[in-house]
Amino acid sequence: MAERTEFVVEVNGRDRSLFSVAERPNGDLLIFFEHAERFGYDACGSEIRTQKYSVHVSPNSAEFSTLKQTLLLQDDTETTTSALTDAPKKGGFFVVFSRRPPDLASDRYLSNDDKHTKIRLGGSGVDANLALVYCVAIGGAKSSFGPKPNMGVIEYKFANFTLVVLSHYLTLPPHRNGDLLHVMTAPPQLGGSADEQTMLRNLMRGKDASGILDDFNSHSLLLANSLAHHLLKEIEDPALKKHLLTFIDNTVEQLGDAGTLVIIRSDSP
């Protein structure tokens, strides 16, 4: 396997691994998670064996590149989802996934491999009492995203792709459960109504930096909403419960219909 580039965040004075990227000789990218222990929120849920995304050069298509997510559980259940996007070949960007990881203070997320090139999100000494949210977007090798206010932005160049990582922190504490969001598309020729085909075709289109920021903001609201629901189940203080209920109502109001095409998948610690 090719050398990996590891994306980390410092929590309690030590690097915690979020994901790593390996570039194949043909230019494809493999994105490996420091995944959660289990699939789903249930403590008895199936353990995750491996989880990865792959971003393909797709040389046989002049317009589209293929993205795949592969999830393999310990019971040998394997799930693969895919998306097509024209972003790398048409000058835009496409969100591969957005994530609120489980509480990174857990030792299972410690970065122990010093052989990897490490890229740190958010500088050093970040507040371990706030929940991290980040997204990974992909564009062409010549694409440029640029800095954005009130947002961590990392651009990393590979031979055929530019990887963009956006990050910020929610005003809520981290939780042992996390969530993952991604968009799944399918070729229009697979069928469906004209409206469905148009919807899928639009999902495949790359977006400029402003459009990706809008997507990430919507994803952040969805992830914050889910986190607030987790916390609500575990607190007794009436004032805190009221605060969380107000927080949830605010996220729903801000979201409107945004995110209805997004698939949400849960992680356990």
Side-chain angles (χ1 to χ4, degrees), residues 7 18-21 28-33 35 51-56 58 63-71 80-101 119 121 132-141 143-148 150-158 160-170 178-186 199-226 251 254-267:
F7 292 79
L18 298 175
F19 65 95
S20 60
V21 184
D28 291 351
L29 300 183
L30 298 177
I31 303 174
F32 298 92
F33 273 99
H35 55 71
Q51 183 180 15
K52 67 180 180 182
Y53 284 87
S54 54
V55 183
H56 300 269
S58 303
E63 185 176 7
F64 291 110
S65 296
T66 302
L67 290 76
K68 292 183 179 179
Q69 187 235 187
T70 302
L71 177 70
T80 299
T81 53
S82 62
L84 295 176
T85 178
D86 67 359
K89 297 178 180 179
K90 299 295 182 179
F93 293 93
F94 185 85
V95 174
V96 181
F97 65 87
S98 294
R99 192 182 189 209
R100 178 184 60 80
I119 309 296
L121 278 66
L132 172 70
V133 174
Y134 70 94
C135 86
V136 174
I138 202 77
S143 297
S144 178
F145 197 89
K148 305 300 173 189
N150 304 315
M151 183 75 63
V153 180
I154 292 174
E155 292 185 68
Y156 198 87
K157 298 289 185 180
F158 294 93
N160 293 287
F161 300 103
T162 296
L163 191 80
V164 177
V165 185
L166 305 179
S167 62
H168 68 105
Y169 288 83
L170 303 176
D179 287 300
L180 175 70
L181 299 171
H182 65 241
V183 174
M184 181 175 63
T185 67
M199 176 191 70
L200 290 172
R201 176 66 69 173
N202 288 336
L203 280 177
M204 298 176 197
R205 298 301 183 196
K207 298 182 179 181
D208 61 13
S210 177
I212 295 300
L213 283 174
D214 287 344
D215 283 349
F216 183 44
N217 286 333
S218 293
H219 292 185
S220 295
L221 288 168
L222 283 165
L223 294 168
N225 182 288
S226 176
T251 60
Q254 291 180 69
L255 274 167
D257 293 331
T260 56
L261 302 177
V262 174
I263 308 300
I264 186 165
R265 192 189 67 72
S266 58
D267 290 325

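Counting from 1, the numbers follow the sequence of the chain as shown. Only a predicted model underlies this, so the values are computations on that prediction, with no experimental measurement involved.
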Nearest 0.5 Å please: distance from the [atom1] atom of [X] over to the [atom2] atom of [Y].
| X | Y | atom1 | atom2 | answer |
| --- | --- | --- | --- | --- |
| S98 | D179 | OG | CG | 11.5 Å |
| L121 | I154 | CG | CD1 | 4.0 Å |
| K90 | R205 | NZ | CZ | 8.0 Å |
| L255 | L221 | CG | CG | 4.5 Å |
| Y53 | S82 | OH | OG | 11.5 Å |
| N225 | R100 | CG | CZ | 10.5 Å |

So which atom in [X] and which in [Y] form the shortest heavy-atom distance, rounded to 0.1 Å?
| X | Y | answer |
| --- | --- | --- |
| T162 | S143 | OG1-O, 3.5 Å |
| C135 | V95 | CB-CG1, 4.5 Å |
| G206 | D86 | N-OD1, 2.7 Å |
| M151 | S167 | SD-O, 3.5 Å |
| A87 | F93 | CB-C, 3.5 Å |
| S65 | K89 | OG-CE, 3.6 Å |

Item to check | Aromatic plane relationship, F7 with F19 - under 30° parallel, 30 to 60° tilted, over 60° perpendicular | outcome: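 F19 and F7: parallel rings.
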
Kindly say whether [Y] contributes a backbone atom to a donor-acceptor pair with the side chain of [X] at under 3.5 angstrom?
| X | Y | result |
| --- | --- | --- |
| S218 | D214 | yes |
| T66 | L84 | no |
| K207 | G92 | no |

Would you say the side chain of [Y] lies within less than 4.5 Å of the side chain of [X], judging by non-hydrogen atoms?
| X | Y | result |
| --- | --- | --- |
| R99 | L18 | no |
| V21 | F158 | yes |
| P101 | Y134 | yes |

Next on the checklist: Would S58 and F64 count as a side chain to side chain contact (heavy atoms under 4.5 Å, CB included) here? Give the steps.
Outcome noted: CA-CA 7 Å; S58 303; F64 291 110; over 6 Å; no

Item to check | Over 12 foreign heavy atoms within 6.0 Å of NZ, K68 | outcome: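 At most 12 heavy atoms, drawn from other residues, nucleotides or ligands, come within 6.0 Å of this atom.
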
Checklist entry - Checking side chain to side chain contact (heavy atoms under 4.5 Å, CB included) for the pair L29/I138: CA distance, chi angles, key distance, verdict? => result CA-CA 10 Å; L29 300 183; I138 202 77; 3.9 Å; yes

Checklist entry - Taking it one step at a time, do Q69 and L180 satisfy side chain to side chain contact (heavy atoms under 4.5 Å, CB included)? => result CA-CA 12 Å; Q69 187 235 187; L180 175 70; 4.3 Å; yes

Checklist entry - Hey, mind stepping through L67 and F94 against side chain to side chain contact (heavy atoms under 4.5 Å, CB included) and telling me if it holds? => result CA-CA 10 Å; L67 290 76; F94 185 85; 4.1 Å; yes

